[in-house]
Amino acid sequence: MGEGKGSREESELVPGLLRHWLIGRVLVAGLALGCYANSCWGDFVFDDSEAVINNQDVDPGATSLADVFSHDFWGTNISSRTSHKSYRPLTVLSFRLSFWLGGGRNPFHFHLANVLLHPLVCLLLLEVLNNWFCQLKTSSKPVSRVDWRAPICSSEALVATLLFAVHPIHTESVSGVVGRAELASALFFFSSILAYPSPTSQGGRAVEILRLLLTLVLAGSAMLFKEQGITALGVCTVSDVLFRAKKLQKESGGQAKCRSLPWSYWRQWCDGGSGRKLCLRSAVLCVGGAGLVWGRFAVMTTGAPQFKPIDNPASFSDSWTTKILSYNYLYSLNWWLLYHPWWLCFDWSMGCVPLVQSATDLRVAAVAVFWAGLGALAFRGLSRFHTGDGRLVILSLSLVVLPFLPASNLFFTVGFVVAERVLYLSTAGHCLLVAIGAAYIGAFSSLTKRVVQVFLVYLTVFLALRSVHVSHYHCIAGNS
């Protein structure tokens with residue numbers, strides 16, 4: 001059952017004025033822009049030298065468009081055995097545009113594009129989260145995805161987006177030109193989710209088909225900016241299942257609580273027009289996604305890239321125990337960086353993270369805490385699948401885990417130990433979990449609500465100042 005307007009307004013963590021359609025979005029865009037604006041005056045730093053300075057594909061006069069689509073991200077022929085196999089032609093095309101606008105390799109124009117992309121990604125994320133909360137948690141009619149005049153549905157959506165906008169883990173993605181891949185991929189990632197037709201979408205069959213095709217095109221484009229963009233299709237599928245659960249519960253008058261997993265009610269889920277549409281949409285995404293992945297691997301005509309032990313020591317270990325323990329420790333380290341973004345580094349190789357070679361290593365405790373926490377969150381979401389909060393926890397976890405899978409070493413070896421850039425999308429799910437937890441604690445009493453509000457203000461300011469500081473460090477590193 002939905003809450004009344006008054007009770008809901010009293011439980012909101014963010015005052016209604018800040019959730020105004022204009023003020024909320026200006027606040028998000030302003031903070032996202034302000035945290036990294038100082039990087040515009042920096043030089044090319046770290047990996048920018050290989051991706052921009054030494055990459056001839058960036059110069060429109062040096063190589064042709066055909067070369068861009070036959071070379072990897074670093075300008076090497078993709079069919080070469082020495083290629084890194086990072087196929088991101090759309091990112092390279094965006095570099096060529098910056099080159100043309102700046103009259104050459106002008107760092108300001110390259111940095112400016114990154115700084116402007118981050119607020120755009122944040123605004124799209126706000127639309128995605130606003131839509132999720134309206135469809136999964138409230139009893140009100142979902143806000144139109146294209147109506148920017150509508151008020152922000154939930155304070156949790158605004159809190160999560162604000163935390164995402166100022167999170168210091170984005171420094172490498174925004175302040176480093178090479179992070180253009182993550183930013184542009186995220187832009188199309190969230191656009192793909194917004195384009196996906198949900199059970200509450202308006203329009204006939206033709207409109208739904210067009211939106212499905214648009215979803216695939218946008219997800220494919222996201223993949224051509226950065227490989228993890230394809231995981232948008234997985235997030236769309238998870239959200240579709242959860243929307244179907246909410247609709248099924250509403251149609252049964254709140255009696256179908258769906259306390260068990262959806263697949264145990266397969267006949268009930270597939271019954272009726274909306275159930276069959278869900279299955280068809282999922283099938284289209286699976287087939288389309290498989291085609292996109294096949295095409296991506298087909299580009300690598302000479303097989304997987306050849307990395308060195310110094311790039312990813314765990315993958316070259318002869319001991320499976322060392323591999324498994326080290327991989328799991330890296331997962332926990334990535335999660336820790338989301339919660340405590342203090343030790344930030346552009347390069348975690350060169351022995352920065354020693355291998356975990358034995359179960360007696362004290363770092364195994366971090367692995368245990370990580371899996372216990374992840375398991376507890378998953379259990380919370382699945383056990384409360386019949387509630388809006390439970391479904392939102394599942395969506396949050398999908399947004400954390402799915403974009404990280406390509407960098408997990410589970411499917412193929414990656415060429416790094418820890419890369420903060422690959423956490424750009426996962427940070428959105430992490431911030432959503434924090435916002436949901438804050439709202440849960442704040443709902444206990446007026447006192448806890450006030451404490452949570454003060455903490456969130458402090459956290460936002462602290463993270464913003466930290467981002468400004470680290471971004472300034474990148475600027476100094478480039479000019480030194």
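Below, all heavy atoms of this structure are taken into account, side chains as well, without hydrogens, waters or symmetry copies. Only a predicted model underlies this, so the values are computations on that prediction, with no experimental measurement involved.
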#### Entry: Minimum side-chain heavy-atom gap Tyr440-Ile436 below 4.5 Å
no
### Worked verdict on Ser83 versus Asn77 for side-chain contact (heavy atoms from CB on, under 4.5 Å)
CA-CA 6 Å; Ser83 170; Asn77 194 306; over 6 Å; no
### Message
As an exercise, state the distance from CG of Leu456 to CD of Gln453, rounded to the nearest 0.5 Å.
### Response
8.0 Å
### Task
Mark yes or no for whether Thr215, through its side chain, and Tyr196, through its backbone, hold a donor-acceptor pair below 3.5 Å.
yes
### Task
Under the side-chain contact (heavy atoms from CB on, under 4.5 Å) rule, what do Glu420 and His170 come out as? Steps first, then yes or no, please.
CA-CA 7 Å; Glu420 294 163 11; His170 301 327; over 6 Å; no
### Query
Step by step, would you call Thr460 with Leu31 a side-chain contact (heavy atoms from CB on, under 4.5 Å)?
CA-CA 10 Å; Thr460 303; Leu31 283 175; 4.2 Å; yes
### Query
Are the side chain of His111 and the backbone of Gly176 linked by a donor-acceptor contact shorter than 3.5 Å?
no
### Task
Output, in order, the C-alpha distance, side-chain angles, deciding distance and verdict of salt bridge (charged side-chain N to carboxylate O under 4.0 Å, His left out) for Asp48 and Arg105.
CA-CA 11 Å; Asp48 297 346; Arg105 290 180 173 84; over 6 Å; no
### Query
Side chains of His118 and Tyr424: do they bring a donor and an acceptor to under 3.5 Å?
yes
### Query
Just by distance, do the side chain of Arg363 and the backbone of Leu355 share a donor-acceptor pair under 3.5 Å?
yes
### Message
We want to know whether Arg180 and Thr91 form a side-chain donor-acceptor pair, criterion being a heavy-atom distance below 3.5 angstrom.
### Response
no
### Query
Would you say the side-chain atoms of Asn328 pair up with the backbone N or O of Val367, donor to acceptor, closer than 3.5 Å?
no
### Query
Are the aromatic rings of Phe188 and Phe225 close, with centres under 6.0 Å apart?
yes
### Task
May I ask you to test the Val166-Leu162 pair for a side-chain heavy-atom distance under 4.5 Å?
no
### Summary
Tightest non-hydrogen contact, residues Cys431 and Ala160, listed as CB-O, 3.4 Å
### Shortest non-hydrogen contact between Lys226 and Val422, atoms and distance
NZ-CG1, 3.9 Å
#### Entry: Donor-acceptor pair between Ser86 and Asp72 side chains, under 3.5 angstrom
no
### Minimum heavy-atom distance Ala32-Cys122, with the two atoms named
CB-SG, 3.8 Å
## Note on the structure
Correct closest heavy-atom pair for Cys35 and Ser471 would be O-CB, 3.9 Å
### Query
Quick one: does Ser426's side chain have a donor or acceptor within less than 3.5 Å of a partner on Val400's backbone?
yes
### Task
Please report the shortest heavy-atom distance between Pro89 and Val68, naming the atom on each side.
O-CG1, 3.6 Å
### Message
To check you understand the geometry: which heavy-atom pair defines the closest contact between Val174 and Asn114, and what is its length?
### Response
O-CB, 3.3 Å
### Message
Under a 3.5 Å threshold, yes or no: a donor from one side chain and an acceptor from the other, between Ser64 and Asp67?
### Response
yes
### Query
So, does Asp361 use its side chain to make a donor-acceptor pair with the main chain of Val364 at under 3.5 Å?
no
### Query
Between Arg96 (side chain) and Val58 (backbone), is there a donor-acceptor pair under 3.5 Å?
no
### Query
What's the spacing between Phe297 CZ and Leu292 CG if we round to 0.5 Å?
12.5 Å
### Query
Do Ser315 and Tyr327 meet the criterion of a side-chain donor-acceptor pair at a distance under 3.5 Å?
yes
### Query
Measuring from Trp342:CH2 to Leu337:CG, what's the distance to the nearest 0.5 Å?
13.5 Å
### Query
Out of curiosity, Leu163 CG to Leu433 CG, how far, rounded to the nearest 0.5 Å?
11.5 Å
### Message
Treating Ser175 as the side-chain partner and Glu172 as the backbone partner, does any N or O pair qualify as donor plus acceptor under 3.5 Å?
### Response
no
### Message
For Glu227 and Lys85: C-alpha separation, side-chain torsions, deciding distance, then whether salt bridge (charged side-chain N to carboxylate O under 4.0 Å, His left out) applies.
### Response
CA-CA 11 Å; Glu227 292 77 1; Lys85 307 298 182 182; over 6 Å; no
### Task
Look only at the side chain of Tyr87 and the backbone of Leu224, and say whether a donor-acceptor pair between them is shorter than 3.5 Å.
no
### Query
Can any side-chain N or O of Ser319 pair as donor or acceptor with the backbone N or O of Thr322 at less than 3.5 Å?
yes
### Message
Can you tell me how far apart CG (Asn130) and CD (Glu127) are? Round to the nearest 0.5 Å.
### Response
6.0 Å
### Query
How are the rings of Phe110 and Phe95 set relative to one another: parallel (under 30°), tilted (30 to 60°) or perpendicular (over 60°)?
tilted
### Task
Measure the shortest side-chain to side-chain distance between Thr76 and His71 over non-hydrogen atoms and say whether it is less than 4.5 angstrom.
no
### Query
Distance from Arg25 atom CZ to Leu126 atom CG, nearest 0.5 Å?
5.5 Å
### Query
Where do Ser239 and Leu395 land on the side-chain contact (heavy atoms from CB on, under 4.5 Å) test, with the steps shown first?
CA-CA 7 Å; Ser239 65; Leu395 261 179; 3.8 Å; yes
### Task
Assess the pair His430 and Phe164: is the distance between their ring centroids shorter than 6.0 Å?
no
